[in-house]
Amino acid sequence: MTSNIILIENISDFDVIPKNIIENKNIKKFSFNLDIHEFLKSKKIEHEMADDILNENERLQIFDKMIEFREWHSKIKSDDYEIEGINLLKMLDSQEFGSFLIPKLINLITIKRIIENEKPKKIIATTSLSEMIKVIIKNYDIELEFFKNEPKELMFWDIITIKFNIGKIPIKFNISRNTYLKIKTYFENFLGFIFSFWYNPINYKKKSLVFLEFNPEFFSKIFTSLKNYDGDIILVNQRRSAVWGRNSLNIIRKSNCKILKIDNIKNNSEKDKINLLVNQFSKKIHNLFNNSTFFENFFIIENISFWELIKETLEKKYSQRLFSYISMIFNVKYFFNNSDVKCIVHLNEVGETEKSFLEFKNNIPSILLEHGFVERIEKTKRLDSLANYTKFNDKIAVWGESKKKYLINEYGIEEKNIIVTGSPKHDNYFSSRIKKKNSRELTLLIAPNPISDICGFSSTKIKLRFKEIITKIFSAVKEFDNLKIIVKLHPIQLQHNHEIQLIIKELDNTIPIFLWTPVIETINQADVVIVISPDIPGTTTMLLESMILGKPTMNVFFDKQIPEFDHVKKNAIFTVLDDNNFQNNLKKFLFDKKFQNDLVDNADNFVMGSLSNPNTASEKFVSILKSI
């Protein structure tokens, strides 16, 4: 039994918890993230890493519960919360809610384990953890002491990270969702006025194809192949603007695409109507969240009801976004009523834009387009729920016959609902493969894949291992002559991306870090590629893209054993563990030319066997769209 413990969740906790308590050797300390661990370590204060208490199986079980919890709205009769047949409760981005929920579940079960193991007489923490601790210790007689510290609670899309490169210098800054949307609106209105790319249903009666949240630059061949389509090609981009960069804008112009805004307010009368509906539904949702025992009984994990921990934030998000949801629904209905839509193409079914279109029961065909490299082993199959493989609206277009067989065998998907097209996103990769000129200098591209919260595997220990691997690579490279490093960060908006950037700058601030430089351009600068995969999925798309472009590729995997992915069994990627043999594996990979050539040959065979219609997938997909 431990007399007193301190739970330190946030680095700012050190500003409010008295120093004499932090330094008291008789009080056991638990750190909840890497920053706190490193601070305590620097002060030589003994502590335990709380976020490493849960094992892999426990984290996977929490992930499974998160998937169940994010479907809470399907358990409630929706009639009172519907507009135009669409359930407003369902509109919140499912991935965003999951990313908000799973760190709370991890902390909740972690604190529960600490209390069970330590049996403390007193718990010291800040008010950011107070409610969580209280719901856990209802049946315990434990003294509590809290110091006020309540960091603002945000969801994934509340803050938008703007990233770009000026030369080799990566630039990054954060702005609020509302500020971002205002800037996006002004920017698009200005370009729309100059280039006339807006779609107006009043002026268009032709048939149309709708693409939801597509980056034109990534799928340029689809849009250029549709240039002569005898109808309208319409893009809907509420998150990232379809004309954010020069290349995207040029593709839109050359392909004669139109952009549809679904957040327009036509006049003051409509604005007043929406405001009235916002007030009505805000009250309904408030009453639902506060008067129903359903939530207390639904949001339970290990016999602990945690509804009170998320209720306030969830209600606030609905209150803030109801105006946007309702205006989107009205605009989408108006669009459908005044347009002849033949097909809706989308990349996921969990986002707010996607839901505003796909929830309308109008019998319009839709196609979910596979766009990421995913291979599974038994342990990782549960992650398919994040990729919409287990449940999608209508049809899915996949990269190859192997994925088609997987969906049929694993999930009983009907063959008629699966279209094999290849990967339109990667057509440009096949035509961009170049043979690098012989040079005395070897260029190594390091592509670290950031740790995501959504799978529930982020922890201090895994981040320390991550830092150790990057340090090992950098140290080894310094021993070799004529070897240059460049780094490509994943564009996803994650805190760990920022942490990776800081690690690299600390090790060598002269190394170029690319944020938004096109992947093809970055990979083609390299002779060899090392991907670092700390997350359990382990198959970032950078692996496939490096293979297509003919680069010998090594994947550093964080697990006890190398997973039996198909690309591993076929020796298409040199997959290694972050173990004691890493230095030897690295040297072999960098300097054994025969080994590199064998990797490239194996990768070519793997790619040809995995992707149908290489270099012509866009044409295949466009032919299907034109036939609808």
Side-chain angles (χ1 to χ4, degrees), residues 7 9-10 12-13 32-33 62-63 65-76 81 87-111 125-136 146 148-161 174-181 278-279 281-301 304-326 350-352 355 452-454 456 458 493-495:
L7 308 179
E9 183 203 24
N10 195 292
S12 61
D13 288 356
F32 278 74
N33 62 47
I62 291 171
F63 172 84
K65 292 297 290 184
M66 179 274 291
I67 294 298
E68 174 188 329
F69 290 142
R70 71 178 191 170
E71 297 299 317
W72 63 271
H73 46 74
S74 65
K75 309 294 182 182
I76 294 174
Y81 311 98
N87 183 1
L88 286 171
L89 299 177
K90 192 175 182 179
M91 285 290 290
L92 184 67
D93 187 307
S94 302
Q95 296 292 76
E96 183 179 21
F97 181 55
S99 295
F100 160 74
L101 190 58
I102 202 159
K104 286 190 172 295
L105 297 178
I106 294 289
N107 280 353
L108 183 72
I109 301 305
T110 297
I111 294 172
T126 65
T127 48
S128 63
L129 284 179
S130 59
E131 295 306 312
M132 185 175 290
I133 293 169
K134 288 175 183 176
V135 301
I136 296 170
F146 298 123
K148 189 172 183 180
N149 186 28
E150 298 175 358
K152 190 174 181 182
E153 195 158 56
L154 300 171
M155 280 196 175
F156 190 83
W157 293 117
D158 287 338
I159 296 294
I160 308 298
T161 301
N174 295 331
I175 57 177
S176 71
R177 174 189 174 107
N178 288 337
T179 301
Y180 168 77
L181 292 175
V278 167
N279 289 333
F281 282 101
S282 291
K283 290 176 182 176
K284 287 183 177 182
I285 292 173
H286 175 78
N287 290 335
L288 173 70
F289 284 0
N290 285 278
N291 298 330
S292 175
T293 58
F294 160 78
F295 296 101
E296 280 133 19
N297 294 325
F298 181 79
F299 288 104
I300 291 179
I301 186 167
I304 298 174
S305 175
F306 61 91
W307 169 240
E308 290 300 321
L309 305 182
I310 65 173
K311 178 178 73 173
E312 183 178 344
T313 300
L314 198 57
E315 183 177 351
K316 185 178 180 181
K317 294 312 157 194
Y318 277 103
S319 178
Q320 290 171 342
R321 299 183 189 180
L322 273 176
F323 190 95
S324 172
Y325 293 164
I326 295 170
V350 299
E352 294 168 351
K355 289 178 180 180
S452 168
D453 283 334
I454 190 68
S458 180
Q493 179 176 301
L494 287 174
Q495 173 62 25

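At a threshold of 4.5 Å between non-hydrogen side-chain atoms, the residues Thr293 and Glu296 count as touching. Proximity of Leu89 to Ile285: side-chain heavy atoms (C-beta onward) are separated by under 4.5 Å at one or more points. Between Phe100 and Ile310, some side-chain heavy-atom pair lies under the 4.5 Å cut-off. Side-chain atoms of Glu131 and Glu308, non-hydrogen and from C-beta on, never get closer than 4.5 Å to each other. Here the side chains of Phe97 and Leu314 are in contact, with some heavy-atom distance below 4.5 Å. Residues Leu288 and Phe295 are in side-chain contact: their nearest non-hydrogen atoms beyond the backbone lie under 4.5 Å apart.
For the residue pair Asn297 and Ile300, the shortest heavy atom distance occurs at O-CD1, 3.4 Å. Nearest heavy atom pair, residue Lys311 against residue Phe289, reads CD-O, 3.5 Å. When all heavy atoms of Ser99 and Asp453 are compared, the closest pair comes out as O-CB, 4.4 Å. Nearest heavy-atom pair, Ile454 versus Met66, reported as atom, atom and distance to 0.1 Å: O-CE, 3.5 Å. A pairwise comparison of heavy atoms in Thr126 and Phe146 identifies O-CD2, 3.8 Å as the closest pair. The two residues Ile106 and Gly456 make their nearest non-hydrogen contact at CD1-O, 3.7 Å.
Residue Ile62 forms a side chain to side chain contact (heavy atoms under 4.5 Å, CB included) with just one option from Leu101, Leu108, Ile301, and that option is Ile301.
Side-chain atoms of Asn149 and Ser12 form a donor-acceptor pair, as typed in the model, at a separation below 3.5 Å.
Phe69 has its ring centre less than 6.0 Å from the ring centre of Phe306. Not less than 6.0 angstrom separates the ring centroid of Trp307 from the ring centroid of Phe298.
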Could you go step by step and tell me if Phe299 and Leu309 meet the side chain to side chain contact (heavy atoms under 4.5 Å, CB included) rule? CA-CA 10 Å; Phe299 288 104; Leu309 305 182; over 6 Å; no
Evaluate the criterion side chain to side chain contact (heavy atoms under 4.5 Å, CB included) for residue pair Phe32 and Asn10; output intermediate values, then yes/no. CA-CA 7 Å; Phe32 278 74; Asn10 195 292; over 6 Å; no
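Not one N or O on the side chain of Asn107 forms a donor-acceptor pair closer than 3.5 Å with the backbone of Lys104. Judged purely by atom type and a 3.5 angstrom limit, Ser282 uses its side chain to pair as donor or acceptor with the backbone of Val278. At distances below 3.5 Å, at least one donor-acceptor pair connects side-chain atoms of Lys355 with backbone N or O atoms of Leu92. Using a distance-only test at 3.5 Å, with no hydrogens or angles considered, a donor-acceptor pair links the side chain of Ser130 to the main chain of Thr127.
Rounded to the nearest 0.5 Å, atoms CG (Leu7) and CG (Asp13) are 9.5 Å apart. To the nearest 0.5 Å, atoms CD1 (Ile111) and CD1 (Ile133) are separated by 5.0 Å. In this structure, Ile326 CD1 and Met91 CE are separated by 9.5 Å, a value rounded to the nearest 0.5 Å. Distance check, rounded to the nearest 0.5 Å: OG of Ser128 to CD of Glu9 gives 4.0 Å. To the nearest 0.5 Å, the span separating OG on Ser319 from NE2 on His286 amounts to 10.5 Å. Taking CG from Asn279 and NZ from Lys284, the interatomic distance works out to 12.5 Å, rounded to the nearest 0.5 Å.
More than 12 heavy atoms of other residues, nucleotides or ligands lie within 6.0 Å of CD in Glu71, so this atom counts as buried by the packing criterion. By the 6.0 Å contact criterion, NZ on Lys90 is open, its count of non-hydrogen atoms from other residues, nucleotides or ligands being 12 or less.
Residues Glu96 and Arg321 are paired through a salt bridge, judged by an N-O separation under 4.0 Å between the basic side chain and the carboxylate.
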